[in-house]
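Remember, it's 1-based here, ligands and their atoms both numbered in the order they're listed. Along the sequence shown, residues are numbered consecutively beginning with 1.
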Amino acid sequence: MRALPAQGQDWPALKQALLDAKTRDYSWKRGRMAVFFYYLDEALERIQQEAYMTFWTENNLGQRAFPSLAKLEGEVVEMALSLMHAPEGAAGSFTSGGSESIFLAMLAARERAGKARPNIVMPDTAHLTFDRACWYLGIEPRRVKVDHERLSDVAAMAAAVDEGTIALVGSAPNYPFGGVDRIAALGELAEQHGLWLHVDACVGGFLNPFLSKLGVELPEWDFRVPGVTSISADIHKHGMAPKGASLLLVRDAALRQHHRFESSAWARGTYAAYTFQGTRPGGAVAAAWAVMMHLGEAGYLDCARRIMAARATIAAGIAEHAGLEVLPGNHALLVYRSTDPGLPIGRIATALDARGWLVSRQAEPDGIHLHLNPLHAEVAEEYLADLRAAVAEAREGAAPEMAAGRAY
Ligand SMILES: Cc1ncc(COP(=O)(O)O)c(C=O)c1O
């Protein structure tokens, strides 16, 4: 086991050691993965880094000390609320990521309902973070099979609601397939039963509005649907901010009280927080603010355009292969599979991996999952060239099969 060094080491050597440690990592900057990263260009990378460094050590728990951060956080929340058509009186919290935003929403739903044996009802395409939140919070997760379009089956979800139900969930879009659930119908169901409806727009919050502007048809998913209570939207995904930046937005500021902790049960006086984190990095807020202000609507539209261009090129290139099929979709998530038993998708995955692509293996259907971001427009042809080689190799039957479901 490594022990703390007896004497500290110089930074140049440590920096080199850090760079050396990265040499076997997959190259996100060359677009070699379609998961875990979001990248536009070096100009935006510099802005992310410099903005973060401007507040690199400030603690956003201490907003009395740093009114700057309170103001920046407020502006980030307001810009997101306006993007998602929130009504007057709506509010939001800046969190560390989609998981924290979702955990807070589920906590608030549970606290508002105050039921003895709470459950939530969601399509089985909802992110597993909901099950994780349920596990932490003592809530029963009820996953309901999606319909033939792989979208929320609202009638089946209605049948799963009972006296213990505290919330419904819909995704905009879901991560496995990129479909936007039937949020309007879920809103009606939520209103009928007085339930909290959470829309998970961790992926779509900062992309859906711009896809719509490009003419991509998406069903209504945001606060324009009256029954929507809260939305999670990740700035560190298609909001293009560095990691550690998400939002939980609520229709009415009063709802935030349900995920607010406050106590004076120790010697040090009152401690209060809306988030799971105590100490919060000021850099994450500053960088998110700077990225949003720098990109503006025009910049996000450009990101959306590049993603759709990447999707069109890659989907068309995959479809050229007899025996490969791209599942229907119109979002940044793209799934393809093999329809030819002589062309196992697991072998294609192995052959792509050998060429430096980190492959996310979809479990169901047995396939390959891509989460596209702007950089993929530049590497789409390289991907297709390597796919051609991978298909040839897979047909020869030499490569072992990468197991299905291998995503993380
Ligand atoms: C739809 C969706 N919801 C929630 C999450 C969880 O977000 P995070 O990894 O930022 O905690 C993800 C992450 O990929 C996601 O795709």
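For ligand 1, the atoms closer than 4.0 angstrom to any heavy atom of C202 are 2 (C), 3 (N), 4 (C). Close contacts between ligand 1 and D200 involve ligand atoms 1 (C), 2 (C), 3 (N), 4 (C) [criterion: under 4.0 Å to a heavy atom]. In the vicinity of G98, heavy-atom distances shorter than 4.0 Å reach the ligand 1 atoms 7 (O), 8 (P), 10 (O), 11 (O).
Judged by a 6.0 Å distance limit and a 45° cone about the ring axis, R150 is positioned over the six-membered ring of F177.
Note: an N/O pair closer than 3.5 Å links S99 and ligand 1 by distance alone. The shortest N or O to N or O distance between R132 and ligand 1 is not under 3.5 Å.
At least one heavy atom of K237 sits closer than 4.0 Å to an atom of ligand 1. At a 4.0 Å cut-off, at least one heavy atom of I102 sits close enough to ligand 1 to count as contact. Heavy atoms of H236 come nearer than 4.0 angstrom to ligand 1 in at least one pair.
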Before you tell me yes or no, could you show the steps for L214 and L301 under side-chain contact (heavy atoms from CB on, under 4.5 Å), namely the whole-Å CA-CA distance, both residues' side-chain angles and the distance that decides it to 0.1 Å?
CA-CA 8 Å; L214 290 179; L301 200 57; 4.1 Å; yes

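The shortest side-chain heavy-atom distance between R30 and V379 does not fall under the 4.5 Å cut-off. For the pair N330 and L218, the minimum side-chain heavy-atom distance is below 4.5 Å.
For residues 206-217, the side chain to side chain donor-acceptor pair (under 3.5 Å) pairs, not counting sequence neighbours, are N208-H331, K213-E297.
There is no side-chain donor-acceptor pair under 3.5 Å between N174 and D181.
Scored by the side chain to side chain donor-acceptor pair (under 3.5 Å) test, D41 finds no partners at all (sequence neighbours excluded).
The side chain of D234, and not its backbone, has at least one atom closer than 4.0 Å to an atom of ligand 1 (non-hydrogen atoms only; side chain from C-beta on).
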